[in-house]
Peer 1: 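Below is a structure I'd like to ask you about.
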Amino acid sequence: GRGGEGVVYTVSNKPDLVAKIYHADRRTEEREDKLLAMALNPPDDATIPTQRGQHVAIAWPQEVLYQNDNFRGFTMPMIGNSPDLFKAMNPRLRSRYFKEFDARHLHRIARNLTAALISLHQKGHVMGDVNQKNVLVSQGALVTLVDCDSFQVTTEEGHVHRCIVGVPEYTPPELQGIVLETVDQSIDHDLFGKAVIIFQLLMEGYHPFSGVPTDPKFSVPGKMDLYCIKEGIFPYLANDRFNAPPHAPAFKALYPPLQKLFIDCFFGGHADPTQRPEAPEWLEVLAEAEKDLVRCNRLHWHASHVETCPVCARGGAPGIARPSVVPGATTAQQTAPKPPPPPPVQAANAALDFNPYILYSLGLNVAGIFLSDFVPLIWNLAALGLALHAFHYFTKPNTMNTPEKIVGGMSAAYGLSQVLIVGAWLLQLFVL
């Protein structure tokens with residue numbers, strides 16, 4: 001890969017490593033000193049054991065590279081088959097890149113991100129540039145922090161190599177508009193950006209400070225969410241200036257202790273950053289929230305205190321009936337949970353939920369069965385063959401992945417085939 005700082009290459013005979021070679025104008029003495037300090041002081045849990053083997057939780061620099069005694073770059077772990085976090089938090093992209101992910105996986109991603117940051121913070125380092133592009137996610141909901149050479153690093157002697165870049169949407173209010181290379185960042189700053197990411201994960205990608213002004217004439221220069229960050233306006237908490245986006249999921253549908261953490265971070269932590277809930281508290285509450293999830297009869301997972309499934313209320317398609325991956329999690333990352341298969345009644349309810357799509361399909365099916373009584377056997381066999389062909393075509397991978405669509409697709413294929421076959425039979429009667 002190639003970027004503004006340099007080029008990343010594979011390493012000959014070492015498939016688990018890549019080398020980042022900086023462009024000539026980026027090979028500074030400060031960067032060399034920072035990377036040497038990073039190689040000497042890695043997080044203890046940068047690589048962790050999981051049930052599927054060793055997982056790289058933090059793609060930490062391993063060796064500094066020189067050519068003829070001149071600084072050139074560094075090596076780091078190779079991370080494969082892990083899209084960035086944005087593709088998990090965005091519903092449309094999630095359906096493409098993480099087809100089996102549901103609320104359980106999103107809670108597990110949030111837990112694993114928190115665990116990775118705890119490992120980083122325990123060494124005195126700060127991520128600084130917290131944003132969705134610097135977190136990769138595996139199909140097992142494990143996370144990897146990347147672009148680590150941009151992090152703020154503290155040497156064993158106490159010298160701070162600062163993080164000089166950041167994304168405003170994940171930057172806490174006290175750093176908005178500040179030139180980052182002039183300040184030492186703290187764990188409190190990471191806690192803000194992490195909370196923003198977790199909110200987006202659990203709220204279908206909506207930013208916690210994205211709101212709608214109560215006064216339609218109100219406007220600000222720049223982005224509205226950055227204005228709300230600076231002013232400490234959390235639109236999901238009652239106020240007279242901003243409402244939550246009308247199509248966003250209901251904030252009160254989140255696990256109640258989780259709601260409190262967001263309020264404490266975004267509202268209470270606005271005036272006093274030290275009041276933001278610490279990462280171990282997030283880890284504990286997220287574990288409780290994941291354990292609290294229950295499943296509705298259409299296979300959606302949601303917090304148990306909600307009487308009506310919020311996904312069903314928003315018109316969501318049925319969830320996935322098949323199991324996911326493996327159970328268990330501690331402070332270290334582990335893959336997403338494996339529930340028991342759903343009861344047959346729940347699966348049947350999901351498959352036979354009567355929405356307009358399946359009603360049309362069943363209507364065609366009934367029409368086909370009725371018309372089949374009026375045509376010879378050979379034409380019925382032709383209709384069945386055509387229906388199976390159509391069903392095979394429409395159930396190719398990624399085109400029909402829910403019980404509802406499968407039932408509806410077969411019904412539609414058979415019914416429509418019967419209608420076409422009867423038409424052809426009547427045509428040959430009149431023509432011949």
Peer 1: Going by heavy atoms in the side chains, are Met224 and Pro213 under 4.5 Å from each other?
Peer 2: yes
Peer 1: So, Arg27 side chain and Tyr22 main chain: donor-acceptor pair closer than 3.5 Å or not?
Peer 2: yes
Peer 1: Under the 3.5 angstrom rule, does the side chain of Asn131 hit a backbone N or O of Lys133 as a donor-acceptor pair?
Peer 2: yes
Peer 1: Partners of Gln54 by side chain to side chain contact (heavy atoms under 4.5 Å, CB included), sequence neighbours excluded?
Peer 2: Thr47, Pro49
Peer 1: Taking atom NE2 of His270 and atom CG of Asp272, what is their separation to the nearest 0.5 Å?
Peer 2: 11.0 Å
Peer 1: Search all heavy atoms of Phe101 against all heavy atoms of Val137 and return the closest pair with its distance.
Peer 2: CE2-CG1, 4.1 Å
Peer 1: Please assess His55 against Thr144 for the test side chain to side chain contact (heavy atoms under 4.5 Å, CB included), listing each intermediate value before the final yes or no.
Peer 2: CA-CA 8 Å; His55 169 72; Thr144 302; 3.4 Å; yes
Peer 1: Got a second to check how far Asp264's CG is from Leu191's CG, nearest 0.5 Å?
Peer 2: 12.0 Å
Peer 1: Out of curiosity, Leu40 CG to Leu35 CG, how far, rounded to the nearest 0.5 Å?
Peer 2: 11.0 Å
Peer 1: With distance as the sole test, does His121 use its side chain to make a donor-acceptor pair with the main-chain N or O of Ile118 at under 3.5 Å?
Peer 2: no
Peer 1: Just by modelled atom types, is the Leu93 backbone N or O under 3.5 Å from a matching donor or acceptor in the Asn90 side chain?
Peer 2: yes
Peer 1: Checking side chain to side chain contact (heavy atoms under 4.5 Å, CB included) for the pair Ile263/Phe251: CA distance, chi angles, key distance, verdict?
Peer 2: CA-CA 11 Å; Ile263 293 171; Phe251 179 64; 4.2 Å; yes
Peer 1: In the structure I gave you, are the side-chain heavy atoms of Pro15 and Met78 within less than 4.5 Å of one another anywhere?
Peer 2: no
Peer 1: If you define the side chain from C-beta out and look only at heavy atoms, does anything of Met89 sit under 4.5 Å from Ile197?
Peer 2: yes
Peer 1: Go through Phe266 and Tyr236 one step at a time and tell me if the ring-ring contact (aromatic ring centres under 6.0 Å, His included) criterion holds.
Peer 2: CA-CA 10 Å; Phe266 298 141; Tyr236 293 84; 9.3 Å; no
Peer 1: Please identify each residue that fulfils side-chain hydrogen bond (donor to acceptor under 3.5 Å, both in side chains) with Lys252, with sequence neighbours left out.
Peer 2: none
Peer 1: What verdict does the salt bridge (charged side-chain N to carboxylate O under 4.0 Å, His left out) test give for Arg276 and Glu174, after you've listed the backbone C-alpha separation in whole Å, the side-chain angles of each residue and the deciding distance to 0.1 Å?
Peer 2: CA-CA 13 Å; Arg276 292 170 189 151; Glu174 62 272 20; 2.8 Å; yes
Peer 1: Which distance, rounded to the nearest 0.5 Å, do you find between the SG of Cys309 and the NE2 of His300?
Peer 2: 5.5 Å
Peer 1: Suppose we screen for side chain to side chain contact (heavy atoms under 4.5 Å, CB included). Which residues come up paired with Glu63, at least two apart in sequence or across chains?
Peer 2: Thr75
Peer 1: Do Leu120 and Val126 have side chains that approach each other closer than 4.5 Å (heavy atoms only, starting at C-beta)?
Peer 2: no
Peer 1: Should Gln176 and Leu226 be marked as a side chain to side chain contact (heavy atoms under 4.5 Å, CB included) after you check the CA-CA gap, both sets of side-chain angles, and the distance that decides it?
Peer 2: CA-CA 8 Å; Gln176 290 286 331; Leu226 299 185; 4.2 Å; yes
Peer 1: Glu169 versus Lys223: any side-chain heavy-atom pair under 4.5 Å?
Peer 2: yes
Peer 1: Compare all side-chain heavy atoms of Leu202 with those of Leu258 and state whether any distance is below 4.5 angstrom.
Peer 2: yes
Peer 1: For the pair Asp45 (side chain) and Ala57 (backbone), establish whether a donor and an acceptor sit closer than 3.5 Å, ignoring hydrogens and angles.
Peer 2: no
Peer 1: Do Arg111 and Thr114 touch side chain to side chain, with heavy atoms closer than 4.5 Å?
Peer 2: no
Peer 1: Between Thr171 (side chain) and Leu175 (backbone), is there a donor-acceptor pair under 3.5 Å?
Peer 2: no
Peer 1: With side chains defined as the heavy atoms from C-beta onward, is the minimum distance between Thr154 and His159 less than 4.5 Å?
Peer 2: no
Peer 1: Verify, without hydrogens or angle tests, whether Asp129 (side chain) and Asn134 (backbone) share a donor-acceptor contact under 3.5 angstrom.
Peer 2: no
Peer 1: To the nearest 0.5 Å, how far apart are NE2 in His305 and CD in Gln259?
Peer 2: 5.5 Å
Peer 1: Taking atom CZ as the centre, does Arg96 end up with more than 12 heavy-atom neighbours from other residues, nucleotides or ligands that are less than 6.0 angstrom away?
Peer 2: no
Peer 1: So which heavy atom on Ala59 is nearest to which on Val146, and how close?
Peer 2: CB-CG1, 4.2 Å
Peer 1: Measure across Leu201 and Ala110 and return the closest heavy-atom pair with its distance rounded to 0.1 Å.
Peer 2: CD1-N, 4.0 Å
Peer 1: Tell me if a side-chain donor or acceptor on Ser82 pairs with a main-chain N or O of Gly80 at a distance below 3.5 Å.
Peer 2: yes
Peer 1: Tell me the closest heavy-atom pair linking Ile233 and Pro235, and the distance in Å.
Peer 2: O-CD, 3.2 Å
Peer 1: From Thr155 OG1 over to Lys34 NZ, what is the distance, rounded to the nearest 0.5 angstrom?
Peer 2: 12.5 Å
Peer 1: Would you confirm whether Trp60, through its side chain, and Cys148, through its main-chain N or O, come within 3.5 Å as a donor-acceptor pair?
Peer 2: no
Peer 1: Take atom CD1 in Ile164; do more than 12 heavy atoms of anything else shown fall under 6.0 Å from it?
Peer 2: no
Peer 1: Can we say Asp44 and Lys123 salt-bridge, meaning some charged N sits less than 4.0 Å from an Asp/Glu carboxylate O?
Peer 2: yes
Peer 1: Here's a test for you: under side-chain hydrogen bond (donor to acceptor under 3.5 Å, both in side chains), which of Glu30, His125, Gln152, Arg31 qualifies with His161?
Peer 2: Glu30
Peer 1: Run the ring-centre check on Phe262 versus Phe267 and record whether the distance is less than 6.0 Å.
Peer 2: no
Peer 1: Applying side chain to side chain contact (heavy atoms under 4.5 Å, CB included), can you list everything that pairs with Leu293, at least two apart in sequence or on another chain?
Peer 2: Ala103, Arg104, His107, Trp301
Peer 1: For Glu181, is there any backbone N or O sitting under 3.5 Å from a side-chain donor or acceptor partner on Arg162?
Peer 2: yes
Peer 1: Only counting residues at least two apart or in another chain, list the ones meeting side chain to side chain contact (heavy atoms under 4.5 Å, CB included) with Val135.
Peer 2: Leu85, Leu113, Met127, Val143, Leu145
Peer 1: Which pairs count as side chain to side chain donor-acceptor pair (under 3.5 Å) when at least one residue sits in residues 198-215, sequence neighbours excluded?
Peer 2: Arg94-Glu204, Tyr170-Gln200
Peer 1: Please find the pair of heavy atoms, one from Gln185 and one from Gly128, that lie closest to each other, and give the distance.
Peer 2: OE1-CA, 3.5 Å
Peer 1: Assess the residue pair Tyr66 and Glu32 against the criterion (side chain to side chain contact (heavy atoms under 4.5 Å, CB included)); give the C-alpha distance rounded to whole Å, side-chain angles, the decisive distance to 0.1 Å, and a yes or no.
Peer 2: CA-CA 10 Å; Tyr66 294 85; Glu32 179 186 3; 2.6 Å; yes
Peer 1: Taking all heavy atoms of Ala303 and all of Leu254, pick out the closest pair and write down the distance.
Peer 2: CB-C, 4.3 Å
